[in-house]
Amino acid sequence: QVRMVESGGGAVQAGGSLRLSCAASGRTFRAYAMGWFRQAPGKDREFVSAIRWSDDSTYYADSVKGRFTIARDYAKVFLNLNNLTPEDTAVYYCAGVSRDYVADWVADKAFDYDYWGQGTQVTVSS
């Protein structure tokens with residue numbers, strides 16, 4: 001079984017920054033893409049950002065463009081969160097798409113991701 005493991009969440013003041021990391025654990029995971037979603041209290045889970053391994057194409061929700069940056073190395077995906085606002089407060093989930101199963105992948109569709117992490121809390125105070 002493959003599991004995504006997030007780290008790097010925390011509490012910051014508005015305008016601050018955080019860096020989230022995520023790596024796959026368990027069985028061998030051959031990444032097609034990895035992404036980040038978030039869920040605020042009382043709200044649905046929403047897409048934040050994703051990156052495709054083959055060409056490093058990146059995708060962002062409009063709400064985070066210009067403030068968040070996604071990047072990867074061989075085995076991990078990172079999300080740099082800058083100029084944070086209280087509206088960014090949420091549990092952030094890492095998700096992975098396996099090359100072994102991918103068909104038509106749409107970056108902002110949670111259903112298209114195969115593996116998920118437990119989430120890491122990001123809290124931004126005003």
Side-chain angles (χ1 to χ4, degrees):
Q1 183 71 14
V2 175
R3 186 168 61 97
M4 299 295 152
V5 181
E6 306 99 338
S7 61
V12 296
Q13 291 188 327
S17 299
L18 286 172
R19 190 187 197 212
L20 307 183
S21 301
C22 175
S25 70
R27 291 191 316 165
T28 299
F29 172 66
R30 303 195 308 161
Y32 176 84
M34 291 180 74
W36 293 91
F37 289 74
R38 68 185 182 185
Q39 188 166 18
K43 295 187 177 181
D44 294 333
R45 188 173 299 191
E46 65 175 1
F47 170 74
V48 176
S49 182
I51 185 167
R52 184 166 54 197
W53 246 238
S54 62
D55 59 2
D56 288 328
S57 292
T58 58
Y59 307 83
Y60 295 97
D62 288 343
S63 59
V64 306
K65 280 181 182 176
R67 301 188 299 120
F68 292 8
T69 304
I70 193 168
R72 69 166 185 93
D73 65 11
Y74 177 74
K76 289 185 177 181
V77 65
F78 307 95
L79 187 67
N80 293 306
L81 292 68
N82 298 311
N83 195 18
L84 285 159
T85 74
E87 288 69 36
D88 295 314
T89 295
V91 177
Y92 284 70
Y93 296 91
C94 175
V97 183
S98 172
R99 275 193 281 161
D100 297 328
Y101 307 130
V102 65
D104 295 321
W105 173 67
V106 178
D108 62 353
K109 296 293 185 275
F111 186 78
D112 284 355
Y113 290 77
D114 302 303
Y115 305 109
W116 290 82
Q118 294 296 309
T120 185
Q121 178 71 45
V122 171
T123 302
V124 185
S125 59
S126 58

Connected via hydrophobic side-chain network under 4.5 Å: V64 and L20
yes
Atom OH in Y113, atom CZ in F47: separation rounded to 0.5 Å?
5.5 Å
Beyond-backbone contact of I70 with F68, side-chain heavy atoms, under 4.5 angstrom
no
Taking the side chain as C-beta and beyond, is there a heavy-atom pair between Y59 and D108 under 4.5 Å?
no
Indicate if Y93 and M4 have the same hydrophobic cluster label, given that clusters are the connected sets of ILVMFWY residues with side-chain heavy-atom separations under 4.5 angstrom.
no
Atom of P86, atom of A14 and distance for their closest heavy-atom approach
CD-CB, 4.2 Å
Between Y60 and T69, is any pair of side-chain heavy atoms under 4.5 Å apart?
yes
Under the disulfide (SG to SG under 2.5 Å) definition, can you give me all pairs with a residue in residues 18-126, not counting sequence neighbours?
C22-C94
With a 6.0 Å cut-off (strictly less than), is the heavy-atom count around CD of Q121, excluding the residue itself, greater than 12?
yes
V2 and D114, any side-chain heavy atoms less than 4.5 Å apart
no
According to side chain to side chain donor-acceptor pair (under 3.5 Å), who are the partners of R3, at least two apart in sequence or on a separate chain?
none
Closer than 3.5 angstrom, by distance alone: can the side chain of R52 be matched with the main-chain N or O of S57 as a donor-acceptor pair?
no
D112: partners by side chain to side chain contact (heavy atoms under 4.5 Å, CB included), with sequence neighbours left out
W105, V106, K109
Transitively linked via ILVMFWY side-chain contacts under 4.5 Å: W116 with V102?
yes
Given W53 and V97, is the side chain to side chain contact (heavy atoms under 4.5 Å, CB included) satisfied, shown in steps?
CA-CA 10 Å; W53 246 238; V97 183; over 6 Å; no
Report the residues that fulfil salt bridge (charged side-chain N to carboxylate O under 4.0 Å, His left out) with D104, sequence neighbours left out, ordered by chain and then residue number.
none
Can you list, pair by pair, the side-chain donor-acceptor contacts under 3.5 Å of residues 27-42, counting residues two or more places apart and other chains?
from, atom 1, to, atom 2, distance (Å)
R30, NE, D100, OD1, 3.2
R30, NH2, D100, OD1, 2.6
R38, NE, E46, OE2, 2.6
R38, NH1, D88, OD1, 2.9
R38, NH1, Y92, OH, 2.9
R38, NH2, E46, OE2, 3.1
Q39, NE2, K43, O, 3.0

Option among L79, L18, V91 that satisfies the side chain to side chain contact (heavy atoms under 4.5 Å, CB included) test with V122
L18
Supply the atom-to-atom distance R72 CZ to T58 OG1, rounded to the nearest 0.5 angstrom.
12.0 Å
Does anything in residues 5-18 form a side-chain hydrogen bond (donor to acceptor under 3.5 Å, both in side chains)? List the pairs, not counting sequence neighbours.
S17-N82
